[in-house]
Amino acid sequence: GAAFAGLALATGLASAAAALLAGPAYRSELLSLSAAFQVLRWATLSAVAGAVVALLAWGLLTLASAQRGRSMAAAALALNALVAGPPLYLYQQAQSLPSIHDISTDTDDPPRFVAVLPLRLGARNPVDYRADTAAQQKLGYPDIAPLRLDAPPALAFERAERAARAMGWQIVAVAPDALRIEATDTTLFFGFKDDIVIRIRPHAQGSIVDVRSLSRIGGSDIGANAKRIRSFLSKLARA
């Protein structure tokens with residue numbers, strides 16, 4: 001039992017190291033994206049196996065009333081679950097969410113990118129809005145909609161700029177005359193870059209704010225762009 005617990009703990013440590021290094025290795029160009037994902041898959045499967053071994057060790061040690069060994073088995077189970085949990089959750093999300101990477105509050109007339117276009121040279125995903133994206137977005141993210149503010153466009157623009165900076169995005173362009181803001185957000189682990197454009201338009205006695213968030217690479221964003229838009233609009237609404 002104790003040997004199984006030690007094996008499970010060693011598996012958890014190795015899996016954790018591999019999972020933590022996959023993203024930085026890709027960002028530093030030591031691994032290609034496909035290789036980094038493969039390392040992450042191996043780490044996840046290894047951690048799942050480690051969790052199974054830890055459970056087996058726990059059962060054997062419980063039968064033998066070995067308290068010290070059970071503590072090691074519990075630690076191994078927790079570590080392996082911690083490593084395998086997030087990737088498995090993301091995999092489940094990828095299966096349930098639409099395979100899109102371009103989210104807009106206005107699917108009929110999405111805001112257009114201008115200033116970020118030179119930064120997207122060589123990006124795998126084009127900026128052209130695909131015809132089938134709107135239908136998939138409405139099924140997967142029906143809550144994504146424009147924000148209406150009881151403020152004139154100039155004031156709404158100032159508030160939107162402050163909210164965008166508070167999000168920690170890299171501001172690429174602030175165009176008051178066009179009432180447009182463009183920015184880039186970089187993910188923490190793999191360093192993926194997603195571009196954002198914010199558009200302000202007059203509406204009745206106030207303004208309407210539209211946001212579009214587009215990934216540079218990847219078929220499915222696993223909800224990242226929708227989550228980003230929700231967070232920004234919530235921050236702006238509270239301003």
Side-chain angles (χ1 to χ4, degrees), residues 5 7-28 30-59 72-104 124-125 133 135-144 167-169 184-196 211-235:
L7 175 61
L9 185 59
T11 300
L13 291 171
S15 300
L20 290 174
L21 289 174
Y26 166 71
R27 296 184 69 166
S28 60
L30 294 175
L31 291 177
S32 66
L33 183 58
S34 60
F37 277 163
Q38 187 62 51
V39 169
L40 193 57
R41 281 192 288 269
W42 287 339
T44 303
L45 293 174
S46 177
V48 170
V52 172
V53 173
L55 283 172
L56 176 61
W58 172 270
M72 183 187 298
L77 177 61
L79 177 59
N80 281 287
L82 186 63
V83 174
L88 290 176
Y89 172 76
L90 290 176
Y91 176 78
Q92 184 276 328
Q93 288 289 94
Q95 303 309 304
S96 61
L97 293 173
S99 183
I100 55 178
H101 50 261
D102 190 355
I103 306 298
S104 173
R124 299 182 189 179
N125 295 331
T133 297
Q136 293 186 64
Q137 177 182 312
K138 289 174 182 177
L139 287 174
Y141 312 108
D143 62 304
I144 299 297
M167 291 290 292
W169 300 337
T184 298
D185 190 19
T186 304
T187 64
L188 178 63
F189 191 56
F190 275 94
F192 296 137
K193 292 185 180 296
D194 301 334
D195 296 309
I196 307 104
V211 187
R212 181 182 175 191
S213 186
L214 171 64
S215 302
R216 294 189 187 180
I217 65 172
S220 172
D221 63 11
I222 320 181
N225 287 301
K227 181 179 179 181
R228 180 180 296 114
I229 289 176
R230 291 190 194 103
S231 179
F232 169 76
L233 291 181
S234 176
K235 188 180 293 292

Interatomic spacing from NE2 in His101 to OG1 in Thr133 - rounded to 0.5 Å
6.5 Å
Measuring from atom OG1 of Thr44 to atom CZ of Phe37, what distance do you get when rounded to the nearest 0.5 angstrom?
11.0 Å
What heavy-atom pair brings Tyr141 and Ile100 nearest, and what distance separates the two atoms?
CE1-CD1, 4.2 Å
Do side-chain atoms of Asn125 reach the backbone of Leu214 as a donor and acceptor pair under 3.5 angstrom?
no
Looking at CG of Asn80 and CG of Leu13, how far apart are the two atoms once the value is rounded to the nearest 0.5 Å?
8.5 Å
For Val53 and Ala8, the nearest pair of non-hydrogen atoms, with its separation, is CG1-CB, 4.0 Å
Which residue pairs satisfy the side chain to side chain donor-acceptor pair (under 3.5 Å) criterion with at least one member in residues 217-227, sequence neighbours excluded?
Ser213-Asn225, Ser215-Asn225, Asp221-Asn225, Asn225-Arg228
Over all heavy atoms of both residues, which pair between Ala5 and Ala57 is shortest? Give the atoms and the distance, please.
N-CB, 3.5 Å
Residue Arg41 excluded, over 12 heavy atoms near CZ under 6.0 Å:
yes
Holding to salt bridge (Lys or Arg N to Asp or Glu O under 4.0 Å), I want the full list of residues that pass it with Arg230, two or more places apart in sequence or in another chain.
Asp143
Below 4.5 Å, heavy atoms only, C-beta onward: do Pro24 and Phe190 meet side chain to side chain?
no
With a 4.5 Å cut-off on side-chain heavy atoms, are Asp185 and Met167 touching?
no
Roughly how far, to the nearest 0.5 Å, is CD of Gln136 from CG of Leu97?
11.5 Å
Compare every heavy atom of Arg216 with every heavy atom of Thr184, then report the nearest pair and how far apart it is.
OG1-NH2, 3.5 Å
Could you measure the distance from the CG atom of Leu233 to the CD1 atom of Ile144? Nearest 0.5 Å is fine.
7.5 Å
Mark yes or no for whether Ser46, through its side chain, and Trp42, through its backbone, hold a donor-acceptor pair below 3.5 Å.
no
Can you list the steps and then say if Val39 with Leu31 is a side chain to side chain contact (heavy atoms under 4.5 Å, CB included)?
CA-CA 10 Å; Val39 169; Leu31 291 177; 4.1 Å; yes
So which heavy atom on Ala43 is nearest to which on Ala18, and how close?
CB-CB, 4.0 Å
Mind checking the OH-CZ spacing from Tyr26 to Phe192? Nearest 0.5 Å is all I need.
5.5 Å
Of all heavy-atom pairs linking Ile222 and Gln93, the shortest is CG2-CB, 3.5 Å
